[in-house]
K.L.:
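One structure, pasted below without further comment.
Numbering of residues begins at 1 and proceeds along the displayed sequence.
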Amino acid sequence: MMNEFFKDNDVETATKLFIDNLKNKVNTPDYSTVRMSVLFSEMMEAKDVDPEIVSLAKKTYSMLEDHIEEKLTAAGFDKNTAYRKAKLINAMIEGSVTIGIIKESTEYLEIVSDSLKDILDGSK
């Protein structure tokens with residue numbers, strides 16, 4: 001699904017589509033898909049976790065960053081700026097999902113979505 005969001009959209013639109021998808025999941029009684037982010041966080045801290053599961057968690061976290069970084073680089077941002085903005089946005093989304101699940105609210109995801117333009121604007 002993430003690939004479809006980023007395929008034909010600019011980085012801001014694609015990221016907002018991704019966030020909207022997460023908001024819809026947080027708003028449903030069964031957040032099993034979104035709760036995986038919390039589960040991955042817990043697994044990453046465990047020393048005795050199955051390496052395959054840890055690898056999958058790392059890959060999942062990297063997918064969004066990679067998409068954002070590629071779009072920003074294509075839009076003219078230098079590699080370091082694109083890299084840092086992608087990580088910042090990913091961290092904000094992941095934190096918003098975790099807080100949203102705990103508080104049963106999409107408010108934090110909405111704030112991130114509304115802040116994307118400011119984050120994405122700036123020096124290239």
Side-chain angles (χ1 to χ4, degrees):
M1 194 172 352
M2 190 183 309
N3 290 337
E4 288 302 312
F5 295 150
F6 281 86
K7 183 178 176 183
D8 295 320
N9 293 303
D10 63 77
V11 67
E12 183 178 356
T13 302
T15 306
K16 284 185 176 192
L17 287 170
F18 179 74
I19 291 171
D20 286 345
N21 182 56
L22 290 174
K23 286 183 346 189
N24 290 335
K25 291 184 185 326
V26 170
N27 277 331
T28 63
D30 174 24
Y31 322 128
S32 59
T33 306
V34 180
R35 287 187 186 192
M36 290 303 293
S37 65
V38 177
L39 178 61
F40 282 149
S41 295
E42 292 173 7
M43 287 189 300
M44 295 297 283
E45 292 182 20
K47 300 289 185 202
D48 57 349
V49 173
D50 181 334
E52 275 186 63
I53 294 174
V54 173
S55 176
L56 177 61
K58 287 179 181 179
K59 181 179 177 183
T60 301
Y61 282 130
S62 296
M63 285 176 63
L64 180 62
E65 289 175 16
D66 292 346
H67 281 298
I68 293 171
E69 184 177 349
E70 287 171 16
K71 288 283 187 176
L72 290 175
T73 301
F77 282 86
D78 67 79
K79 187 77 171 154
N80 184 56
T81 301
Y83 174 86
R84 293 180 60 81
K85 285 181 184 266
K87 291 201 175 308
L88 171 65
I89 291 167
N90 193 25
M92 290 172 62
I93 291 171
E94 196 57 40
S96 296
V97 168
T98 303
I99 294 169
I101 290 169
I102 292 167
K103 289 190 166 191
E104 298 180 0
S105 169
T106 61
E107 179 182 18
Y108 291 86
L109 282 167
E110 291 164 11
I111 291 169
V112 172
S113 184
D114 292 344
S115 301
L116 282 173
K117 184 166 179 48
D118 293 334
I119 295 165
L120 295 170
D121 285 345
S123 61
K124 291 188 176 185

K.L.:
Could you tell me which residues satisfy salt bridge (charged side-chain N to carboxylate O under 4.0 Å, His left out) with Asp20, sequence neighbours excluded, listed by chain and number?
P.N.:
Lys23
K.L.:
Given Ile93 and Thr15, is the side-chain contact (heavy atoms from CB on, under 4.5 Å) satisfied, shown in steps?
P.N.:
CA-CA 10 Å; Ile93 291 171; Thr15 306; 4.0 Å; yes
K.L.:
With sequence neighbours left out, write down each residue that passes side chain to side chain donor-acceptor pair (under 3.5 Å) with Asn3, or none if nothing qualifies.
P.N.:
His67
K.L.:
What pairs with Asp114 under side chain to side chain donor-acceptor pair (under 3.5 Å), at least two apart in sequence or on another chain?
P.N.:
none
K.L.:
With sequence neighbours left out, what residues match Lys103 under salt bridge (charged side-chain N to carboxylate O under 4.0 Å, His left out)?
P.N.:
none
K.L.:
Can you list the residues that meet the salt bridge (charged side-chain N to carboxylate O under 4.0 Å, His left out) rule with Lys16, with sequence neighbours excluded?
P.N.:
Glu12
K.L.:
Taking only residues two or more places apart in sequence or in another chain, which ones pass side-chain contact (heavy atoms from CB on, under 4.5 Å) with Ile111?
P.N.:
Glu107, Ser115
K.L.:
Suppose we screen for side-chain contact (heavy atoms from CB on, under 4.5 Å). Which residues come up paired with Ser62, at least two apart in sequence or across chains?
P.N.:
Asp66
K.L.:
Look at the side-chain heavy atoms of Ile, Leu, Val, Met, Phe, Trp and Tyr, link any pair under 4.5 Å apart, and say whether Val11 and Met1 land in one connected group.
P.N.:
yes
K.L.:
Are Tyr83 and Ile89 linked, directly or through other ILVMFWY residues, by side chains that come within less than 4.5 angstrom of each other?
P.N.:
no
K.L.:
So, using salt bridge (charged side-chain N to carboxylate O under 4.0 Å, His left out) as the criterion, who are the partners of Lys59 when residues are at least two apart?
P.N.:
none
K.L.:
If you link ILVMFWY side chains whenever their heavy atoms are less than 4.5 Å apart, which other residues fall into the same cluster as Tyr108? By chain and number, please.
P.N.:
Ile99
K.L.:
For Lys79, enumerate each residue passing the side chain to side chain donor-acceptor pair (under 3.5 Å) test, keeping only those at least two apart in sequence or located in another chain.
P.N.:
Glu69
K.L.:
Rounded to the nearest 0.5 Å, what's the gap from OG on Ser96 to CG on Leu22? Could you check?
P.N.:
9.5 Å
K.L.:
By side chain to side chain donor-acceptor pair (under 3.5 Å), which residues pair with Glu65, not counting sequence neighbours?
P.N.:
Lys87, Asn90
K.L.:
Can you tell me how far the OG1 atom of Thr106 sits from the CD1 atom of Ile19, to the nearest 0.5 Å?
P.N.:
11.0 Å
K.L.:
Who are the ring-ring contact (aromatic ring centres under 6.0 Å, His included) partners of Phe18, not counting sequence neighbours?
P.N.:
none
K.L.:
Hey, does the side chain of Lys85 reach the backbone of Ile68 with a donor-acceptor pair shorter than 3.5 angstrom?
P.N.:
no
